Protein chains: 2
Amino acid sequence: METVDDAAVDPGGPAAATEGDGRGTAAPAPRRRARARATASMADVARLAGVSAQTVSRVSNGYPGVTEETRRQVLAAMKELGYRPNSAARALKRGEFRTIGVITFTLSTTGNVRTLEAIANSAAREGYAVTLLPVAVPTQDEVRGAFSRLEELAVDAVIVIMEVHLLDAATVHLPPHVQVVVVDSDAGDRYTVVDTDQHGGTRAAVRHLLGLGHRTVWHLAGPEDSFAAQRRTDAWRAALTEAGRELPPLVRGDWSAESGYRAGLELAAVEDCTAVFAANDQMALGLLRALHEHGRRVPEDVSVVGFDDIPEASSFLPPLTTLHQDFAEVGRLCVQAVLRKMRQEGPERGTTLVPARLVLRQSTAPPPEGGAEGR
Amino acid sequence: METVDDAAVDPGGPAAATEGDGRGTAAPAPRRRARARATASMADVARLAGVSAQTVSRVSNGYPGVTEETRRQVLAAMKELGYRPNSAARALKRGEFRTIGVITFTLSTTGNVRTLEAIANSAAREGYAVTLLPVAVPTQDEVRGAFSRLEELAVDAVIVIMEVHLLDAATVHLPPHVQVVVVDSDAGDRYTVVDTDQHGGTRAAVRHLLGLGHRTVWHLAGPEDSFAAQRRTDAWRAALTEAGRELPPLVRGDWSAESGYRAGLELAAVEDCTAVFAANDQMALGLLRALHEHGRRVPEDVSVVGFDDIPEASSFLPPLTTLHQDFAEVGRLCVQAVLRKMRQEGPERGTTLVPARLVLRQSTAPPPEGGAEGR
DNA sequence: CCCAAGGATGTTTACGCAAACATCCGACCG
DNA sequence: CGGTCGGATGTTTGCGTAAACATCCTTGGG
């Protein structure tokens, strides 16, 4: 079957003869020249250019030691045949694929997506391709499965965008030469980690709110199993403790706007609550809706700060004060780190933090008079 | 340089002797066994298991003709050596990479991301990996560049998520056996296209609004260069014309919430305007804010319908009535289509549409009494 | 004028795998 | 009991490339 199919496609490959397009034709043609022959090889170019394959290789790789004259001839032959180096052969020979694998749980969070995009762009700039490995469910088994698939995959390095405690037992089978960089993790002692400075960002948010006069700051946290959420929560606690403020009970969401709404229903009922730090913008959005529906005005009655600065944040009602994450930079650093590790130029482990920047919009204001402040 | 580096990495590959980790060690070890030797080969497994390489291959590929006894031995040897098939060699031999390339412009639109995710998941299920090719700027040159990189890349097929008029001249250099499927295009006559049924969705939205009693429906369109936007606009026109309604002037945005806000400022000033169909949810969000700021209540004064049904849409103020796109299905069909094309089982071209579903929330209602309706 | 040096080019080989073909052996048939 | 068949396994070969080595030719110095 495949013989015939490919022969039909053959645009006049140097060696193969075209042989009609009848599917049933009992083709005596060499079977081996199946798919691969749809494209010209170095040998074909060499033949046409009247040189050796090695010379073609030299031209192809921009190596020196080729006359300008010869080079031109070879290039012409390449063009005529539509020659493209076969990356499989190249990879086999060179022992590297110039590809980075990215394992990510979900693409439904802005952060993951933006980071992925930045990684892809940075990688492309370095001449690397990015292979995506989605993990359907964030279980150990699934992660291990992804790694397992990755092992057979053509990658030189791996970047993991995920809560890392799922990683621990999973990496063991990775080929030793594959380097790993992790986003969103506290495993800086075992891997190279690049992340946003959750702590600094959170601290800025809390201080901003306290600075406006709020007695304390409530926190709408992300899911427990997320390191980012965990660190934001820890930092929130630390900032409040440090300032000697009361620690309100934690309200937990799951990153989704819907969960923010549910949490908001609780918070709206708390008279005391004049300032909320939401662990991401989506939850802040839900929170805004809940507060609105319960007649709590933002920012007059309640101030809200988000985290991420998604593009839509400036169009919320009201436009959301939030922490801007520089995902592009995170992605860029990930690629740099992993390439450095591959070249054995960088450190084996350690954490790099990218600062978050507080973006002031209209969802924060001093607390209402006679509100919590006056107590 | 690389010799030493790699030697240091070698964890005791079957053949190579470990030799300290001193970087400067003048290693007399075989140079050729550089990186590749960090992993065991079929031959190593064969040696350890006391069988031929071919038998290892058979086990590795699950071929028949191997005794259970032998198979177990081979598997044990594989495990002991941590054997992983070398995908480059495999690809070279088989002439296929089991990888699908995805070219996409930006990952900043929900649709692209969700589609990509679905593609990755479907591909994984079929045993295919997905290589991501971001195009920084949507120019012909950039697209051509992406295709060009793709040619040297290890992919068997390509899925393009992009406005297709940038494609036309760009595909010419693609290796003939690489199949292409396009999302969001009207080039069904040249490619296989999978897309959401923009027309049907839009029609449902317009009819819904007209059904509520609105005299006509305004349209907040997406950017001109987007096929999806164009089709939504066309369908909106058609639906209104068909119903014999007046065609209000087109208001154009660029998909962003910010542009929706700007457009909303205009629309808020139009007394006449009681119903708006926004070409996506983000613009609808901006629109909601603008209307709110100008005292136009939604849905009492103005009804708004979006497109996409992003997760946040249910948390807008008010929760947004919108058209749900089944991106997962689109992605799945893309993968199916491209695999079918590869296997020459499917049609060479043609368009597959995935229906959009109107999700009723709280942003639509009958027009205000004495409003546009009464005129 | 001859030979060494060095640049241009060609030849050989191996990367790891799997298709094609070859071989071996036991079982079953007449 | 010889032959044959078929399953299990081994051997050969080539995929396209690029490193290492070999060869050729030109050039320039002694």
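Predicted model, so just to flag it, every value in this text is computed and none were measured. We name chains A, B, ... by the order of the sequence lines, and we start the count at 1 in each one.
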Return the nearest nucleotide to the side chain of A:Gln54; candidates are D:dG16, D:dA19, C:dG16.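 Nucleotide nearest to A:Gln54's side chain: D:dA19.
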Counting heavy atoms from C-beta on, name the nucleotide in C:dC15, C:dG10, D:dT11 closest to the side chain of A:Lys93.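 Nearest to the side-chain atoms of A:Lys93, counting from C-beta on, is C:dC15.
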With sugar-phosphate meaning primed atoms plus P, OP1 and OP2, does [X] contact a base, only sugar-phosphate, or nothing at under 4.0 Å between heavy atoms?
| X | value |
| --- | --- |
| B:Pro64 | nothing |
| B:Val66 | sugar-phosphate |
| B:Val51 | sugar-phosphate |

Taking only N and O in the side chain of [X], is any of them less than 4.0 Å away from OP1 or OP2 of [N]?
| X | N | value |
| --- | --- | --- |
| B:Arg90 | C:dA18 | yes |
| B:Tyr63 | C:dA19 | yes |
| B:Asn86 | C:dC15 | no |
| B:Thr55 | D:dA8 | no |
| B:Ser41 | C:dC15 | no |
| A:Thr70 | C:dT9 | yes |
| A:Ser57 | D:dG16 | no |

Can you check the [X] [atom1] to [N] [atom2] distance for me, whole Å?
| X | N | atom1 | atom2 | answer |
| --- | --- | --- | --- | --- |
| A:Arg94 | D:dG16 | CZ | C1' | 12 Å |
| B:Arg47 | D:dT11 | CZ | P | 13 Å |
| A:Met42 | D:dC15 | CE | P | 12 Å |
| A:Glu69 | D:dC25 | CD | P | 18 Å |

Is a donor-acceptor pair below 3.5 Å formed from side chain A:Arg58 to base C:dG10, judging by atom type as modelled?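 Side chain to base: pair found, below 3.5 Å.
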Check whether any side-chain heavy atom of B:Ser57 sits under 4.5 Å from a side-chain heavy atom of B:Lys93, and report yes or no.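 SC-SC contact between B:Ser57 and B:Lys93 ruled out.
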Distance only, no hydrogens: is a donor on one side chain within 3.5 Å (strictly under) of an acceptor on the other, for A:Ser60 and A:Arg90?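 Note: A:Ser60 and A:Arg90 side chains meet the donor-acceptor criterion.
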